[in-house]
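In this text, all values refer to a predicted model and were calculated from it rather than measured experimentally. Sequence lines set the chain letters: A, B, ... in the order given, protein chains first and strands last, and positions in each chain run from 1.
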Amino acid sequence: MNNLTVFDKHLLIDIPLTEVNEKGRLFNDNVIKNISDDVELVNEKKVGHLSTLVNIDEYEKSFIIPEASREFSIVTKNYFYNAQRWIGHITKINSDGTFTAKLEDLTSSGTDEYAEFDNREVSEDDIEYLNIGNVFYWSVGYDVRNGQVFKESVLKFQRLPKLTNEEVANKIKNVDSAVDSVQDLIDNIVWD
Amino acid sequence: MQNSFYYSLLLHWVILISMLKDILQIYTVGIVLTGDFNPAIIQPFWLSQKKLIGEQEASGANVKLIHKDLVRFEIDWFYLEVTKSRLELRTSKMPYFEPLKDLIIGIFELLKETPLTAVGINHIMHIPIREEQQYDKLGNNIVALSTFSKFMRDPKVLELQIVEQNRKDGLAGSLTVNIAPSNQTSSKRAIAININDHYNLPNESHGRSGEIINLLSKNWSNSFERAKEISESFWSNFVL
């Protein structure tokens with residue numbers, strides 16, 4: 001049975017040493033070793049030969065280990081629930097600081113709707129995506145942050161890498177090829 | 001008379017289903033990919049530079065660790081962890097389920113040469129159970145605990161795991177449903193229904209031609225539908 005893509009209950013560095021989890025412990029040790037190999041030697045002292053102490057070299061070393069938080073827990077303090085969700089396609093940018101979009105309900109099936117949104121609902125990071133044809137996700141529901149509940153509307157634009165002209169041409173070529181295959185199938189149908 | 005009986009039964013069923021949606025408190029969705037990764041590439045500012053997330057989002061990232069073997073950070077709406085063989089991206093914020101998928105597609109559109117071997121879409125639903133009696137009876141509803149009463153004092157079900165090793169849809173992979181108590185909700189009594197929808201690389205594929213990302217993209221909506229059906233069926237059959 002596969003469990004490669006299942007969430008681990010205890011992840012990596014956070015596995016307590018007393019946990020019986022051989023795979024996790026081996027990985028944990030390996031990562032710690034790699035980190036230790038990269039640490040910076042901060043302080044080194046040597047007791048010199050003029051000392052009246054017995055001639056034993058003594059080294060004092062301090063290491064700075066990169067901060068790997070052990071506080072991470074899978075306990076979820078911040079979540080958003082009971083959301084109604086839509087995918088929106090911008091159909092019009094209005095002159096009064098609003099835009100119109102066609103909405104497809106993701107939560108329950110039904111007919112598409114049209115709605116008007118205020119540009120101020122778009123976050124600064126997403127302003128450049130405010131163009132006709134662009135896609136956004138709109139959700140209304142309850143956002144819980146450290147136990148406090150906020151009733152919220154969230155609007156987030158879809159971000160996918162832009163294809164190059166060559167990639168677009170390849171995709172069109174694949175579609176053309178698929179259409180040709182379908183046409184061949186249709187042509188080869190023998191009707192009784 | 002018969003029609004009104006069936007109508008009231010249908011109405012009762014509709015009410016039951018809508019109740020789970022209203023009671024569901026935390027819904028975490030995560031995408032786990034296995035493959036051959038270079039963790040150090042996938043950092044907040046790289047994602048921002050490639051316009052996969054916003055600049056302000058990247059600036060606000062809570063970076064736990066950046067190392068050649070392990071990268072781990074959180075942004076307001078997602079948590080990311082990458083090792084050399086595993087990438088996990090997760091959110092508990094419902095408005096960001098679709099953007100989570102877009103982010104994975106975006107990353108591997110840019111890192112086309114990364115060999116990927118499997119993808120898992122994980123749905124973890126934490127549901128509080130208000131009635132103590134309902135919670136106590138749940139274990140007995142799932143498993144005939146009386147069988148174990150002969151050998152154990154007051155046996156309880158700690159965890160239930162059911163697996164489909166040959167997927168119903170014919171794709172390579174498996175479906176695993178795990179039900180266990182949850183300590184994530186505000187209630188003292190809650191369960192977590194954890195569904196792992198796992199897809200393997202198709203036979204004779206090498207994982208460098210976007211096969212896994214295509215599987216993710218094509219099966220995303222179906223995965224949610226399936227998770228909804230499983231959780232609602234469990235809820236109506238065993239909890240109510």
Original post:
Charged N to carboxylate O below 4.0 Å: is that the case for B:Lys93 and A:Glu152?
Top reply: no

Which atoms of [X] are under 4.5 Å from chain B, going by heavy atoms: the side chain, the backbone, both sets, or neither?
{"X": "A:Glu124", "value": "side chain"}
{"X": "A:Ile87", "value": "neither"}
{"X": "A:Asp143", "value": "side chain"}

Original post:
What residue in B:Ser48, B:Pro95, B:Gly120 has the most heavy-atom pairs under 4.5 Å with chain A?
Top reply: B:Pro95

**OP:** Measure from NZ or CZ of A:Arg159 to the centre of the six-membered ring of A:Tyr129 and say whether it is under 6.0 Å with the direction within 45° of the ring axis.
**Re:** no

**OP:** Apply salt bridge (charged side-chain N to carboxylate O under 4.0 Å, His left out) to B:Arg167 and B:Asp197, showing your working.
**Re:** CA-CA 10 Å; B:Arg167 293 182 62 99; B:Asp197 200 355; 2.6 Å; yes

Subject >> Distance-only side-chain donor-acceptor flag, A:Asp96 / A:Thr98, under 3.5 Å >> reply: yes

At a 4.5 Å cut-off on heavy atoms, which part of [X] comes close to chain A: side chain, backbone, both, or neither?
{"X": "B:Tyr96", "result": "side chain"}
{"X": "B:Ile53", "result": "backbone"}
{"X": "B:Lys50", "result": "neither"}

Original post:
Should the ring pair A:Phe157 and A:Phe136 be called parallel, tilted or perpendicular, given that the plane angle runs from 0 to 90° and is split at 30 and 60?
Top reply: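 A:Phe157 vs A:Phe136 ring planes: tilted.
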
**OP:** Please report the shortest heavy-atom distance between B:Gln161 and B:Asn178, naming the atom on each side.
**Re:** NE2-ND2, 3.1 Å

